[in-house]
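Read through the structure below, which is laid out as structure tokens, and then see the notes.
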Amino acid sequence: MAADVQSSLELSLSNSYAGPGSLPPARSRIFKIIVIGDSNVGKTCLTYRFCAGRFPERTEATIGVDFRERAVDIDDERIKIQLWDTAGQERFRKSMVQHYYRNVHAVVFVYDMTNIASFHSLPLWIEECKQHLLTNEIPRILVGNKCDLGNAIQVPTDVAQKFADTHGMPLFETSAKNPNDNDHVEAIFMTLAHKLKSHKPLMLSQLPDNTVHLKPASKPIMTCWC
């Protein structure tokens, strides 16, 4: 794991505060974005790609909750994006679910384009959000991952787009693995960050000890160019 990617148990510490006589670090607003979907759809790879800028060399099934963050600048304001990635299997999630859904600012629903079952599970994930009082007013995005596996794709874009439209979400089709798809991965999270910055009050990071770092997002319905 790269040093610039924090795990669920880590907090980034600010080293820019040199002590008496120096200026304290600027306060930053924080977005908590949860990434949900079935196991093996690529949630961890997507969050790692956004925070570290590359596909992870090794991946293991998430147990409980994984946490990463990145600092970004939007309209000359420093924003911190926290990405919470939960295990898709219920047995790993039970003890963490309540904490996971607390103080959420946005939701990313992920399915595997080569696994129709993961697409059919999306209504269950949407229902779980409702059960934890995440209303439709909270920005959400639908992501079809693994678009680089062209011959294995089972979920046509028009079907996914119809589902996204029904639930009022923009659709992105991307690949966390394909090095040419980095712009799409950026766009997913920056789209949410821009939406949130314009109308959602966020908690301020503490200073100077518990500082968090992140970056912005981009625009809807982007199909894969891989």
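Predicted model, so just to flag it, every value in this text is computed and none were measured.
- Taking 4.5 Å as the limit, every side-chain heavy atom of Phe189 sits out of range of all side-chain heavy atoms of Val143.
- The CZ atom of Arg102 lies 12.0 Å from the CG atom of Leu134; values are rounded to the nearest 0.5 Å.
- You'll find the side chain of Trp125 stays beyond 4.5 Å of the side chain of Val107, heavy atoms only.
- For the residue pair Gln131/Tyr101, the side-chain donor-acceptor check at 3.5 Å is not satisfied.
- Side-chain contact between Arg78 and Asp73 is present, with heavy atoms from C-beta onward closer than 4.5 Å.
- A donor-acceptor pair is defined here as one N or O able to donate and one able to accept, closer than 3.5 Å; such a pair exists between the side chain of Asn145 and the backbone of Ala176.
- A pairwise comparison of heavy atoms in Ala160 and Val155 identifies CB-CG1, 4.2 Å as the closest pair.
- Residues Leu149 and Met113 are not in side-chain contact: their nearest non-hydrogen atoms beyond the backbone lie 4.5 Å or more apart.
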Do Tyr111 and His120 pass the side-chain contact (heavy atoms from CB on, under 4.5 Å) test, and can you show the C-alpha distance, the side-chain angles, and the key distance before you say yes or no?
-> CA-CA 9 Å; Tyr111 66 95; His120 289 160; over 6 Å; no
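- Note that CG of Leu83 is 8.5 Å distant from CZ of Arg68, once rounded to the nearest 0.5 Å.
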side-chain contact (heavy atoms from CB on, under 4.5 Å) assessment of Arg29 paired with Lys197 = CA-CA 9 Å; Arg29 293 198 291 164; Lys197 180 182 181 296; 3.0 Å; yes
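- One distance of note links CG of Leu196 with CD1 of Ile30; it measures 13.0 Å at 0.5 Å rounding.
- For the pair Gln154 (side chain) and Thr114 (backbone), a donor-acceptor distance under 3.5 Å is present.
- In this structure, Arg140 and Leu142 have side chains that are not in contact, with every pair of non-hydrogen atoms separated by 4.5 Å or more.
- A side-chain contact (heavy atoms from CB on, under 4.5 Å) with Gln161 is found for one member of Val159, Asp158, Asp165 and no other, namely Asp165.
- Phe50 places a side-chain heavy atom less than 4.5 Å from the side chain of Glu186.
- A donor-acceptor contact shorter than 3.5 Å links the side chain of His105 to the backbone of Lys32.
- Once rounded to the nearest 0.5 Å, the distance linking CG of Leu46 with CD1 of Ile188 reads 5.5 Å.
- Here the shortest heavy-atom pairing between Ser118 and Val41 reads CB-CG1, 3.7 Å.
- Every residue two or more places apart in sequence or in another chain that forms a ring pair (Phe, Tyr, Trp, His ring centres under 6.0 Å) with His167 is listed here: Phe163.
- Separating the CZ atom in Arg49 from the NZ atom in Lys177 is a distance of 11.5 Å, to the nearest 0.5 Å.
- Nearest approach of His184 to Thr174, heavy atoms of both residues: CB-OG1, 3.2 Å.
- Tyr48 has its side chain out of reach of Asp85: every pair of non-hydrogen atoms, C-beta onward, lies at least 4.5 Å apart.
- Contact detail for Cys147 and Ile153: the closest heavy-atom pair is O-CD1, 3.9 Å.
- Within the structure, salt bridge (charged side-chain N to carboxylate O under 4.0 Å, His left out) pairs that include any residue of residues 107-116 comprise Asp112-Lys146 (at least two apart or interchain).
- When all heavy atoms of Pro139 and Leu192 are compared, the closest pair comes out as CB-CD2, 3.8 Å.
- Across all non-hydrogen atoms, the minimal contact from Val185 to Ser175 is CG2-O, 4.1 Å.
- Going from atom CD1 of Ile36 over to atom NZ of Lys43 covers 9.0 Å, rounded to the nearest 0.5 Å.
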